[in-house]
Asks: 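One structure, as structure tokens, below. Some questions next.
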Amino acid sequence: YVFVEIEVAFRYFSLLLSPSEQSIFHQVSEPTWPPAPLTWIAVLWLLLVLVTAYRLAQVDGAFSLALVWFLLVLVPSATLVVLNRGEPMAEHRVYLSAAGFFLGFGRTVGHIWAFFDTRTTRSRLLLRFSLAAWLTVLGGLTVLRNEVWSNPVRLWLDAAEKAPDIWVPHVMLGAALQEQGSTAEAIVAFRRALVLRPQEKVTYMRLGLAQAELGQLEEAKHTFRRLLSLDARAAVGHNGLGAVAVLEGRHDEARRHYEQ
């Protein structure tokens, strides 16, 4: 997982340079040995950043601080992932770390600006036009991203499309659909999540409750029994069967399941 988090740090850096693949949930490859080519590129990038920070420490302390800041602030969340706690990659973890990136970027632009100020008027205008165009593009991407975030269904649909082989965004898409009243479509999303990860208890619970909400009580009971066949001690299975029993008016059976 150390190699995974080095690759994730490299992907954070890439997103800051070109935010074209933003998502509320990022698909990250399982760690393998030998590591994948992208992992080796990330390791080389990390070594380059560390060497650059060391060599610039006496020449440009602000730029050296920027590089170290970017990496160090990512260490706490990376440590949790190495200890198998939490998802490997989440964009909000880079918010504070990005301050280092922006400090370094500002220093770089400052040097470029000073260099072009000694050149021709055409060169200075070209630099200003290029920066203005880039900021305009980033502003447009921000507006589009805010539009995605304005609707939970759209947000998780975007994530599911970008990580089609991971169960989490499909479950969250189903939950968003159910919250908006599209329970039948939510069931489709939950079933897709179960295909990807058939041992996940939470998905069975959400699927069973969605089926019960639509009045598909036999299907809901089948879903919760499937869960109990995987794990006889799964509380969510008994909770689900208890809820269905309440809907059917069988309160004694419901009480037995809740007690279990």
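Quick note: residue numbers are just sequence positions, from 1.
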Asks: Specify whether Phe105 and Trp134 have parallel, tilted or perpendicular ring planes, treating 30° as the upper limit for parallel and 60° as the lower limit for perpendicular.
Replies: perpendicular
Asks: Per the ring pair (Phe, Tyr, Trp, His ring centres under 6.0 Å) rule, what does the pair list look like for residues 150-186, sequence neighbours excluded?
Replies: none
Asks: Is there a side-chain contact (heavy atoms from CB on, under 4.5 Å) between Thr223 and Leu227 once you walk through the steps?
Replies: CA-CA 6 Å; Thr223 297; Leu227 171 55; over 6 Å; no
Asks: Determine yes or no for a side-chain-to-main-chain donor-acceptor pair under 3.5 angstrom, with Tyr204 supplying the side chain and Gln199 the backbone.
Replies: no
Asks: What distance separates Leu127 CG from Trp113 CH2, expressed to the nearest 0.5 Å?
Replies: 5.5 Å
Asks: Do Phe13 and Ile41 share a hydrophobic cluster (ILVMFWY, side-chain heavy atoms under 4.5 Å, transitive)?
Replies: yes
Asks: Output, in order, the C-alpha distance, side-chain angles, deciding distance and verdict of side-chain hydrogen bond (donor to acceptor under 3.5 Å, both in side chains) for Arg206 and Thr203.
Replies: CA-CA 5 Å; Arg206 288 188 176 277; Thr203 311; over 6 Å; no
Asks: If you draw a 6.0 Å radius around CZ in Arg55, do more than 12 non-hydrogen atoms from other residues or ligands fall strictly inside?
Replies: no
Asks: Under a 4.5 Å side-chain heavy-atom rule over Ile, Leu, Val, Met, Phe, Trp and Tyr, are Leu214 and Leu247 clustered together?
Replies: yes
Asks: To check you understand the geometry: which heavy-atom pair defines the closest contact between Val153 and Leu173, and what is its length?
Replies: O-CD1, 3.7 Å
Asks: Applying side-chain contact (heavy atoms from CB on, under 4.5 Å), run through Phe70 and Leu16 and close with a yes or a no.
Replies: CA-CA 11 Å; Phe70 179 78; Leu16 287 168; 3.7 Å; yes
Asks: Quick one: are Asn146 and Ser150 in side-chain contact, heavy atoms under 4.5 Å?
Replies: no
Asks: Quick one: do Trp69 and Leu56 end up in the same hydrophobic cluster if we chain Ile, Leu, Val, Met, Phe, Trp and Tyr together by side-chain heavy atoms under 4.5 Å apart?
Replies: no
Asks: With side chains defined as the heavy atoms from C-beta onward, is the minimum distance between Glu87 and Ile166 less than 4.5 Å?
Replies: no
Asks: Given the rule that I, L, V, M, F, W and Y join up when any side-chain heavy atoms are under 4.5 Å apart, are Leu48 and Trp45 in one cluster?
Replies: no
Asks: Do Trp149 and Ile24 make a side-chain contact, defined as non-hydrogen atoms from C-beta onward lying under 4.5 Å apart?
Replies: yes
Asks: Rounded to the nearest 0.5 Å, what's the gap from CG on Asp158 to CG on Asn151? Could you check?
Replies: 11.5 Å
Asks: For Leu80, what residues pass the side-chain contact (heavy atoms from CB on, under 4.5 Å) criterion, not counting sequence neighbours?
Replies: Arg85
Asks: Mind checking whether Leu125 and Phe116 have side chains closer than 4.5 Å, heavy atoms only?
Replies: no
Asks: Is there a continuous path of hydrophobic side-chain contacts, each under 4.5 Å between heavy atoms, that joins Leu50 to Val73?
Replies: no
Asks: Mind checking whether Phe101 and Val94 have side chains closer than 4.5 Å, heavy atoms only?
Replies: no
Asks: Are Phe3 and Val43 packed together at the side-chain level, in the sense that at least one heavy-atom pair is separated by less than 4.5 angstrom?
Replies: yes
Asks: Of all the heavy-atom pairs spanning Gln27 and Ala163, show the shortest one and how long it is.
Replies: OE1-CA, 3.2 Å
Asks: Is any side-chain heavy atom of Pro152 closer than 4.5 Å to one of Gln180?
Replies: yes
Asks: Taking all heavy atoms of Ala254 and all of Gly242, pick out the closest pair and write down the distance.
Replies: CB-O, 3.4 Å
Asks: Taking only residues two or more places apart in sequence, or in another chain, which ones meet Arg119 in a salt bridge (charged side-chain N to carboxylate O under 4.0 Å, His left out)?
Replies: none
Asks: Can you establish whether the number of heavy atoms outside His111 located under 6.0 Å from its atom NE2 is more than 12?
Replies: yes
Asks: At what distance, to the nearest 0.5 angstrom, does CD of Glu5 lie from OH of Tyr12?
Replies: 6.5 Å
Asks: Please check if atom CZ in Arg11 has more than 12 non-hydrogen atoms from other residues, nucleotides or ligands closer than 6.0 Å.
Replies: yes
Asks: Which heavy atom of Ser23 sits nearest a heavy atom of Arg145, and at what distance?
Replies: CA-NH2, 3.3 Å
Asks: Do any N or O atoms from the side chain of Arg154 and from the backbone of Glu147 form a donor-acceptor pair under 3.5 angstrom?
Replies: yes
Asks: Check the pair Met172 / Phe25 against side-chain contact (heavy atoms from CB on, under 4.5 Å), numbers first and verdict last.
Replies: CA-CA 10 Å; Met172 298 307 297; Phe25 184 91; over 6 Å; no
Asks: Classify the side-chain pair His238/Glu259 by whether it contains a donor and acceptor separated by less than 3.5 Å.
Replies: no
Asks: Where is the tightest heavy-atom contact between Ala234 and Leu228, given as atom of each residue plus distance?
Replies: O-CD2, 3.6 Å
Asks: Look only at the side chain of Arg191 and the backbone of Leu207, and say whether a donor-acceptor pair between them is shorter than 3.5 Å.
Replies: no
Asks: Would Leu74 and Val8 count as a side-chain contact (heavy atoms from CB on, under 4.5 Å) if you check the C-alpha gap in whole Å, the side-chain angles of each, and the deciding distance to 0.1 Å?
Replies: CA-CA 10 Å; Leu74 289 175; Val8 165; over 6 Å; no
Asks: To the closest 0.5 Å, what do you measure between OG1 (Thr183) and CD (Gln211)?
Replies: 11.0 Å
Asks: Which heavy-atom pair separates Tyr1 from Asn84 by the least distance, and what is that distance?
Replies: OH-OD1, 4.4 Å
Asks: So Met89 and Leu15, do their side chains get closer than 4.5 Å, heavy atoms only?
Replies: yes
Asks: So, taking the atom named OG1 in Thr52 and the one named CG in Asp60, what distance separates them when rounded to the nearest 0.5 Å?
Replies: 12.0 Å
Asks: How long is the span from the CZ atom in Arg107 to the CG atom in Leu67, to the nearest 0.5 Å?
Replies: 12.0 Å
